[in-house]
2 protein chains.
Amino acid sequence: MTAARQQHEEIAAYLRSAIHRKEFVPGDPLPSESELCERFTSSRGPVRQAMATLRTEGLITSGRGRRSTVLDDVPTQSFDGVISYSEWCRQSGFEPGQATQTVTRGPAWPALAASLDLDAGAPVVSVFRLRLLDGAPAMVERLNYPLDVGQHVLSFDTDSGSIYQRLIESGVDIHHATRTIDAIGADQDDADLLQVPVGTPLLRVRRRAFTRTGAPVEASDDRYLPGTASFTLTATRGNPSPLTMVSAREPEALHPGA
Amino acid sequence: MTAARQQHEEIAAYLRSAIHRKEFVPGDPLPSESELCERFTSSRGPVRQAMATLRTEGLITSGRGRRSTVLDDVPTQSFDGVISYSEWCRQSGFEPGQATQTVTRGPAWPALAASLDLDAGAPVVSVFRLRLLDGAPAMVERLNYPLDVGQHVLSFDTDSGSIYQRLIESGVDIHHATRTIDAIGADQDDADLLQVPVGTPLLRVRRRAFTRTGAPVEASDDRYLPGTASFTLTATRGNPSPLTMVSAREPEALHPGA
DNA sequence: CAGTGGTCTAGACCACTCA
DNA sequence: GAGTGGTCTAGACCACTGG
């Protein structure tokens with residue numbers, strides 16, 4: 001929409017939106033670098049930086065001697081959408097909702113303490129919510145925070161919306177996050193909330209979020225009802241995939257008694 | 001190990017291997033750009049390109065005014081590892097194995113035809129194998145190819161190893177691939193082969209591979225036993241994630257009768 | 001305030017694709 | 001052979017971090 005500050009961002013934004021507006025569809029050649037240089041009154045540097053961005057997003061492919069072409073037109077996911085279910089819903093055009101089950105302050109059990117780099121028994125704040133998509137049960141969310149972060153959650157109405165927004169407004173520095181994706185059967189809690197039988201396959205996303213200095217700020221476990229969510233990603237020959245498949249390690253329980 | 005042709009590749013390879021050798025651990029600052037320029041007798045361009053590569057791999061983070069620092073040290077996944085289970089095993093230090101169930105040539109059912117951009121009923125080659133990890137059942141693999149590609153599979157002993165290798169050697173141009181990840185319960189076939197009850201949660205990876213011109217070469221459905229595999233990825237604020245979570249669409253059946 | 005990485009320019013040469 | 005993107009150089013200015 002509005003012009004980005006940096007030239008390379010402006011160029012990237014233009015190309016991205018042109019692709020999403022179907023101005024270019026998969027297989028189509030993009031304008032050449034020299035054309036883009038002229039159109040944006042820029043040198044090659046910013047143009048190539050914009051192309052590199054789209055390439056890592058999986059939107060385009062390029063190579064010596066041939067025009068860069070459109071690969072795919074999946075929407076790009078912002079960092080906010082990665083961290084926040086509410087934000088993801090909004091970006092995807094759905095209405096997020098939540099039904100808080102419990103908000104607790106208590107000692108960290110060993111697996112959680114390890115995940116948050118705390119000593120076992122250190123105080124943590126845990127949130128257990130059912131999340132809704134357009135009003136229907138979609139996901140069971142278990143969030144855990146060290147106390148210094150969690151204090152901002154304790155003083156928050158967790159039925160009123162995005163905890164992530166709350167944390168940002170409270171000045172918590174959320175800088176990067178690691179997601180681990182696997183499948184797991186619904187336990188009794190999951191089953192009750194999602195209204196499915198125990199053992200129903202769920203897509204589990206465990207997330208650890210960190211500050212810029214590497215201190216953990218969150219450890220979470222989200223379980224999606226089948227049919228609600230899936231993940232997609234495009235890999236291109238010669239560009240190593242940032243998504244790594246790893247042989248599973250021992251499960252990290254992010255709620256007690258598992 | 002051996003010097004890469006391009007300076008930026010050489011620099012990236014050096015940094016990557018230094019991180020994996022634990023010479024730098026998460027939180028550590030990397031050498032400054034100017035140091036790297038001297039060490040590799042290079043200008044800033046190649047150094048910055050190498051940094052950008054590592055950044056998209058999720059290995060480092062950087063920002064104005066501060067040194068680039070190590071984020072994580074997950075192994076990077078090559079394109080071969082994305083496409084080929086055998087290759088993934090080798091990279092991960094496991095012994096791949098397979099027990100072919102069926103190799104068939106027959107007409108494409110509608111969903112498969114759509115996935116391969118063929119007309120319904122067009123001839124396709126399908127492979128149905130149990131894959132092993134260090135000798136134990138790990139994954140059920142369903143591969144489907146258009147006939148022109150699949151002919152190279154029909155004349156191949158599918159118990160002898162990697163079909164992917166075979167296709168490459170046959171000159172098939174596999175240029176990029178899209179993966180969709182979700183969870184699904186084991187069907188009767190899955191259950192029999194993996195020796196688990198029907199309905200056991202499995203991690204499903206559906207893959208579509210394409211030539212450089214966008215023609216489909218493969219449509220597959222891999223289902224991993226829980227505990228065998230999971231996916232991880234690091235996202236950083238300001239860098240949009242290439243992994244997109246999408247609301248699920250109708251299931252594409254990649255084997256008949258589903 | 002010195003040093004860092006982010007951005008940008010203006011040029012150059014090369015490997016490659018495609019008509 | 002004209003045009004393309006990939007690589008590289010040598011400079012410049014700026015925003016920001018940290019001691």
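Predicted model only: the values in this text are computed from it and were never measured. Labels below follow one simple rule: chain letters A, B, ... track the order of the sequence lines, proteins then strands, and each chain is numbered from 1.
Both B:Arg48 and A:Pro46 lie close to DNA chain C; mapped to their nearest nucleotides by heavy-atom distance, the more 5′-ward contact belongs to B:Arg48. Ranked by how close their nearest DNA chain D nucleotide is to the 5' end, B:Arg66 and A:Gly65 are led by A:Gly65. Of the two residues contacting DNA chain C, namely A:Gln49 and B:Arg212, the nearest-nucleotide position lying further toward the 5' end is that of A:Gln49.
Looking at A:Ser84, its side chain never comes within 3.5 Å of a backbone N or O of A:Gly81 through a donor-acceptor pair.
Taking both residues in full, the closest heavy atoms of B:Asp173 and B:Arg212 are given as OD2-N, 3.0 Å, listed atom of the first, atom of the second, then distance.
For DNA chain C, the outermost nucleotides in 5' to 3' order that have an atom under 4.0 Å from a heavy atom of chain B are C:dG3 to C:dC18.
Backbone-only engagement by B:Gly63 is indicated by non-hydrogen atom pairs under 4.0 Å involving sugar-phosphate atoms exclusively.
The aromatic rings of A:Phe94 and A:Trp88 sit tilted relative to each other, their planes meeting at an angle between 30° and 60°.
Within 6.0 Å of the CG atom in B:Asp119, the count of heavy atoms belonging to other residues, nucleotides or ligands does not exceed 12.
Among residues at least two apart or in separate chains, ring-ring contact (aromatic ring centres under 6.0 Å, His included) pairs with a member in residues 31-84 of chain A are A:Tyr14-A:Phe40.
Here A:Arg67 reaches the OP1 or OP2 of D:dT4: one of its side-chain N or O atoms lies under 4.0 Å away.
No salt bridge links A:Asp221 with A:Arg206; every basic N to acidic carboxylate O contact stays at or beyond 4.0 Å.
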